Amino acid sequence: MSRSKSKRSKQPPVASPASESASREGTPTPPVEHVGPPDARGGMVGAALRMWLAAYRVEVVLFLVSFAVLASFSSQRFLRQSEAPHFVYQAKGWLEGRLDLDPEVLPNLEDWACVREVAGQKVRCEGRPRAGDRWYVSFPSFPAVVMLPFVALHGYQFNDTSFGVFVGALAVALFYALVRYLAKEGETARDRTENVGLALILAFGTLFFYASIRGEVWFSAEVMGVAFTCLYVRNAVRAHRPVLAGLFFSMATLTRTPLLFSGLFFVLEALCPGPDRLTQLRELGSQWKSALRKLGLFALGAAPLALLAAAYNVYRFGNPGEFGHRFLFNNRVNVDIDRWGLFNLAYLQRNLEAAFLKLPSLSSNPLRLGYDPHGLSLLLTLPLLVFLVVPKLRPRLHWPLWLTVAVTALPGLFYQNTGYMQFGFRFSIDYTPYLLLLFAIGGWSLRNRAVLAAVALGVLVNFWGAVAFRGFTEYVRHW
């Protein structure tokens with residue numbers, strides 16, 4: 001055993017390549033430094049971040065560009081809270097441990113719900129406010145949930161305008177992620193350049209443009225609804241992620257109630273994704289378990305928020321489906337609501353006019369181009385509609401998207417309010433993502449001259465809207 005150790009000790013040490021190179025060059029070998037192991041956690045986080053940025057670099061660039069442009073057009077509004085920060089006040093009320101609002105701190109009396117107890121019944125406040133009246137936000141409340149952590153930091157002063165710009169830029173990036181996913185799945189034949197173009201059309205070639213730069217309760221909800229719609233559709237395609245689809249669907253619905261009807265998209269994708277839908281519907285009798293499982297998981301994802309919202313509405317207004325518009329305080333629409341209700345055929349004509357027939361006005365002395373605050377034709381604010389009527393292709397998603405547009409748009413056409421005050425028919429923002437998806441799958445190239453002309457017209461009109469629209473903020477602050 002001692003001989004074995006002796007033989008091993010006589011073996012020359014193995015030189016490293018570096019030391020051999022140093023010996024050949026006649027330089028001494030530097031001493032080896034013993035460096036401790038790197039921070040594995042920091043290295044993993046950095047590597048993960050680099051991988052994420054590499055995978056989503058286009059989305060990041062779109063977000064940054066959209067944010068910069070929207071913030072620029074928001075101008076001085078960007079630095080101030082809007083005059084209709086209803087969701088900020090709702091979030092602050094929750095943080096103070098109350099489900100109603102303190103009437104002493106309300107910034108104005110515009111579009112708030114006021115509930116009065118009369119003989120044990122909840123009724124709308126009439127006349128002068130009384131000490132026992134309960135005040136609430138008269139809109140679906142999920143935007144206040146999103147704002148909650150920021151209101152916890154900034155209180156009643158939280159800037160809903162800059163937050164709306166942030167959400168708008170995020171929605172643009174999410175829409176690009178959606179159309180990129182559809183291209184990857186073979187639902188569209190669009191390349192990256194055209195998908196970027198579609199996202200930029202949403203940002204600056206639709207009514208989404210002016211709604212994103214204002215803050216204010218009415219427009220903040222529209223913009224946030226677009227963001228949740230993108231997340232919902234991304235998970236609803238082929239019903240491949242039913243729980244997440246249900247979750248984002250509930251978020252969208254509790255931001256904008258008309259988006260409740262967009263649930264049809266998931267139902268169609270779960271029951272009959274196509275292309276042979278009639279055969280799939282006939283076979284449901286024998287293959288109902290798979291479809292029922294998807295619908296059940298979708299309902300499971302949507303249920304938690306839906307149940308909380310229903311309980312909140314019962315507490316406030318005595319009805320799980322009431323969000324507050326029947327209790328609007330001292331509002332011009334109360335006469336119509338009392339006569340015909342929130343939805344009625346009597347409202348159809350004026351809503352159709354606001355959506356399709358209202359045109360700009362031109363005065364000569366002085367020369368001025370004006371708009372009707374009740375609405376402006378969608379053929380001007382979204383000229384790409386023309387190409388949806390005559391698509392070159394009708395792929396698998398053609399009818400599901402059209403049916404979703406129809407059921408989401410119809411409630412707004414029978415609603416008691418056209419959306420006044422607005423630039424264009426703002427309720428169309430709810431289904432604008434679906435309209436742009438119809439264009440994406442319809443086969444018309446964005447390089448086509450007629451398409452480019454329509455896009456240019458849309459951008460020009462919506463640029464005008466972003467610059468010229470005067471709403472509640474301007475009338476109050478005289479900006």
Side-chain angles (χ1 to χ4, degrees), residues 80-117 122 124-125 129-167 170 214-225 227-228 231 246-257 259-260 301-329 472:
R80 305 181 186 181
Q81 186 183 78
S82 78
E83 276 295 314
H86 293 46
F87 296 127
V88 174
Y89 281 72
Q90 185 169 48
K92 182 61 175 172
W94 292 340
L95 291 168
E96 292 175 349
R98 56 190 302 167
L99 296 179
D100 65 334
L101 303 170
D102 182 357
E104 298 297 325
V105 301
L106 296 183
N108 52 61
L109 295 180
E110 182 73 17
D111 273 5
W112 302 90
C114 182
V115 179
R116 182 174 295 166
E117 292 276 352
K122 295 179 183 292
R124 184 175 65 219
C125 301
R130 300 177 185 174
D133 294 342
R134 306 292 291 274
W135 293 82
Y136 303 97
V137 173
S138 62
F139 300 93
S141 55
F142 197 74
V145 176
V146 178
M147 294 183 185
L148 201 60
F150 307 101
V151 175
L153 293 174
H154 300 282
Y156 286 116
Q157 288 72 42
F158 176 62
N159 187 337
D160 61 319
T161 308
S162 58
F163 183 75
V165 170
F166 177 89
V167 173
L170 181 61
R214 304 191 55 80
E216 301 177 338
V217 60
W218 314 281
F219 307 107
S220 296
E222 297 278 7
V223 172
M224 195 175 293
F228 287 129
L231 292 168
L247 176 63
F248 289 123
F249 167 73
S250 65
M251 292 178 179
T253 298
L254 297 176
T255 299
R256 287 285 303 155
T257 48
L259 295 177
L260 171 68
L305 290 178
L307 292 174
L308 284 173
Y312 189 39
N313 289 339
V314 169
Y315 172 83
R316 295 186 296 172
F317 309 118
N319 186 330
E322 175 62 57
F323 287 95
H325 271 42
R326 293 185 186 276
F327 296 85
L328 286 171
F329 178 74
F472 189 71

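Computed from a predicted structure; not experimentally measured. Values below: all heavy atoms of this structure, side chains included; hydrogens, waters and symmetry mates excluded.
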- Note on the structure: Which of Phe163, Phe87, Tyr89 passes ring-ring contact (aromatic ring centres under 6.0 Å, His included) with Phe158? Answer is Phe163
- What is the distance from atom OH of Tyr312 to atom CZ of Phe323, rounded to the nearest 0.5 Å? 11.0 Å
- Step by step, would you call Glu322 with Phe327 a side-chain contact (heavy atoms from CB on, under 4.5 Å)? CA-CA 9 Å; Glu322 175 62 57; Phe327 296 85; 4.0 Å; yes
- For residues Asn108 and His86, determine if any side-chain heavy atom of one lies less than 4.5 Å from a side-chain heavy atom of the other. yes
- Message: Just so I know, are the side chains of Val115 and Arg316 near enough to count as touching, which here means a heavy-atom distance under 4.5 Å?
- Response: no
- Which of these, Leu260, Leu259, Leu254, sits in a side chain to side chain contact (heavy atoms under 4.5 Å, CB included) with Phe249? Leu260
- Specify the closest pair of heavy atoms between Cys125 and Arg116, including all atoms of both residues, with the distance to one decimal. CB-NH2, 3.8 Å
- Query: If you look at every heavy atom in Met251 and Leu305, which pair is closest and at what distance?
  - Reply: CG-CD1, 3.7 Å
- Message: On a heavy-atom basis, which atom in Gly324 and which in Ala113 lie closest, and how many Å separate them?
- Response: O-CB, 3.6 Å
- Taking the side chain as every heavy atom from C-beta outward, state whether Phe329 and Pro129 have any atom pair closer than 4.5 Å. yes
- Measure the shortest side-chain to side-chain distance between Arg124 and Arg326 over non-hydrogen atoms and say whether it is less than 4.5 angstrom. no
- Message: Can you tell me how far apart CD (Gln157) and NZ (Lys92) are? Round to the nearest 0.5 Å.
- Response: 8.5 Å
- Task: Search all heavy atoms of Ser220 against all heavy atoms of Gly215 and return the closest pair with its distance.
- Result: OG-C, 3.4 Å
Side chains of residues 134-155: which donor-acceptor partners sit under 3.5 Å, not counting sequence neighbours?
unit_1, atom_1, unit_2, atom_2, d
Arg134, NE, Asp100, OD2, 2.9
Arg134, NH2, Tyr315, OH, 3.0
Ser138, OG, Asp111, O, 2.8

- Query: CD/Gln81 to OG/Ser162 distance, rounded to the nearest 0.5 angstrom?
  - Reply: 10.0 Å
- Task: Given side-chain contact (heavy atoms from CB on, under 4.5 Å), test Glu83 with Thr161 step by step and report yes or no.
- Result: CA-CA 10 Å; Glu83 276 295 314; Thr161 308; over 6 Å; no
- Query: Which distance, rounded to the nearest 0.5 Å, do you find between the CG of Leu99 and the CD of Gln90?
  - Reply: 9.5 Å
- Query: Checking Asn313 side chain against Ala310 main chain: does a donor-acceptor pair fall under 3.5 Å?
  - Reply: no
